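Okay, so here's the structure we're looking at.
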Amino acid sequence: MSSPVLDISQLRQSASVACSTLRLLANEDRLMLLCQISQGEKNVSTLESLTGIRQPTLSQQLGVLRTEGVVSTRREGKQIFYSLSDPHIEDLLQTLYNLYCCENCQS
């Protein structure tokens, strides 16, 4: 099955979006946070204990993820909960997990 042919302007736009996404994932702290959030909604204190990322780095990287629109937040009292909001990121994380983390996954 062949891929549809994109014109060069569509291809450039798609490449730009892909590069932005890959840059977002290329930070170890952000990738760790996204991996944890992909397992289900988490609050800040849970993310800190699961990842070992300390304040203010944790807040800074969560801010980047919010700004880029890949996570959404929900407030409950004083706690803020994070969840994935971009299905493309979820697909990429699953692929990365299969490639780098899952010893028993089918190739």
Side-chain angles (χ1 to χ4, degrees):
M1 177 180 230
S2 63
S3 298
V5 177
L6 297 175
D7 71 46
I8 193 67
S9 63
Q10 287 176 315
L11 190 57
R12 186 165 300 282
Q13 183 178 4
S14 295
S16 177
V17 171
C19 285
S20 293
T21 301
L22 292 172
R23 274 192 295 276
L24 184 70
L25 295 176
N27 176 282
E28 188 175 326
D29 289 336
R30 287 194 297 265
L31 185 56
M32 292 286 296
L33 288 167
L34 287 169
C35 287
Q36 292 302 320
I37 295 168
S38 73
Q39 300 303 305
E41 184 181 68
K42 304 276 188 305
N43 67 24
V44 174
S45 61
T46 300
L47 288 169
E48 184 176 15
S49 68
L50 288 171
T51 62
I53 302 169
R54 302 286 176 231
Q55 297 286 348
T57 303
L58 181 66
S59 292
Q60 179 185 23
Q61 297 308 330
L62 288 170
V64 171
L65 296 173
R66 277 193 317 269
T67 299
E68 294 298 320
V70 297
V71 297
S72 57
T73 60
R74 177 181 67 83
R75 182 177 290 275
E76 188 176 296
K78 292 183 178 184
Q79 293 187 5
I80 298 175
F81 291 84
Y82 289 84
S83 58
L84 283 182
S85 59
D86 184 336
H88 292 108
I89 295 294
E90 193 168 353
D91 292 343
L92 284 170
L93 290 172
Q94 185 61 54
T95 299
L96 290 172
Y97 176 81
N98 290 342
L99 289 171
Y100 297 103
C101 302
C102 185
E103 295 176 12
N104 298 319
C105 293
Q106 301 286 334
S107 297

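Remember, it's a predicted structure, so these values are computed and weren't measured experimentally.
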### Message
Would a single hydrophobic cluster contain both V64 and L58, if residues Ile, Leu, Val, Met, Phe, Trp and Tyr are joined by side-chain heavy-atom contacts under 4.5 Å?
### Response
yes
### Non-hydrogen side-chain atoms of S59 and Q55 separated by less than 4.5 Å
yes
### Message
Give me the atom names and distance for the closest heavy-atom approach of S85 to S72.
### Response
OG-N, 3.8 Å
### Partner residues of S14 under the side-chain hydrogen bond (donor to acceptor under 3.5 Å, both in side chains) criterion, sequence neighbours left out
none
### Query
Can you hop from L24 to L96 via hydrophobic side chains spaced under 4.5 Å?
yes
## Note on the structure
Here the gap from T51 atom OG1 to L33 atom CG, rounded to the nearest 0.5 Å, amounts to 5.0 Å
### Task
Could you note down all residue pairs passing salt bridge (charged side-chain N to carboxylate O under 4.0 Å, His left out) where residues 24-45 supplies at least one of them, sequence neighbours left out?
E41-R74
### Query
When hydrophobic residues are tied together by side-chain contacts of less than 4.5 Å, even through go-betweens, does L22 share a cluster with L34?
no
### Query
Which pairs with one or both residues in residues 86-98 pass salt bridge (charged side-chain N to carboxylate O under 4.0 Å, His left out), sequence neighbours excluded?
none
### Query
Is there side-chain contact between Q61 and I53, with at least one heavy-atom pair below 4.5 Å?
no
### Query
So if you build clusters from Ile, Leu, Val, Met, Phe, Trp, Tyr with side-chain heavy-atom gaps below 4.5 Å, do I89 and Y100 land together?
yes
### Transitive ILVMFWY side-chain link L65 to F81, under 4.5 Å
no
### Summary
Residues passing the side-chain hydrogen bond (donor to acceptor under 3.5 Å, both in side chains) test with T73, sequence neighbours excluded, are none
### Message
If you define the side chain from C-beta out and look only at heavy atoms, does anything of L62 sit under 4.5 Å from I80?
### Response
no
### Query
Under the salt bridge (charged side-chain N to carboxylate O under 4.0 Å, His left out) rule, what pairs show up with a residue in residues 48-72, not counting sequence neighbours?
E48-R54
#### Entry: Partner set under side-chain hydrogen bond (donor to acceptor under 3.5 Å, both in side chains) for S9, not counting sequence neighbours
D7
### Task
For residues C35 and L93, determine if any side-chain heavy atom of one lies less than 4.5 Å from a side-chain heavy atom of the other.
yes
### Task
Quick one: pull up CG in L31 and CD in Q36 and give me the separation to the nearest 0.5 Å.
10.5 Å
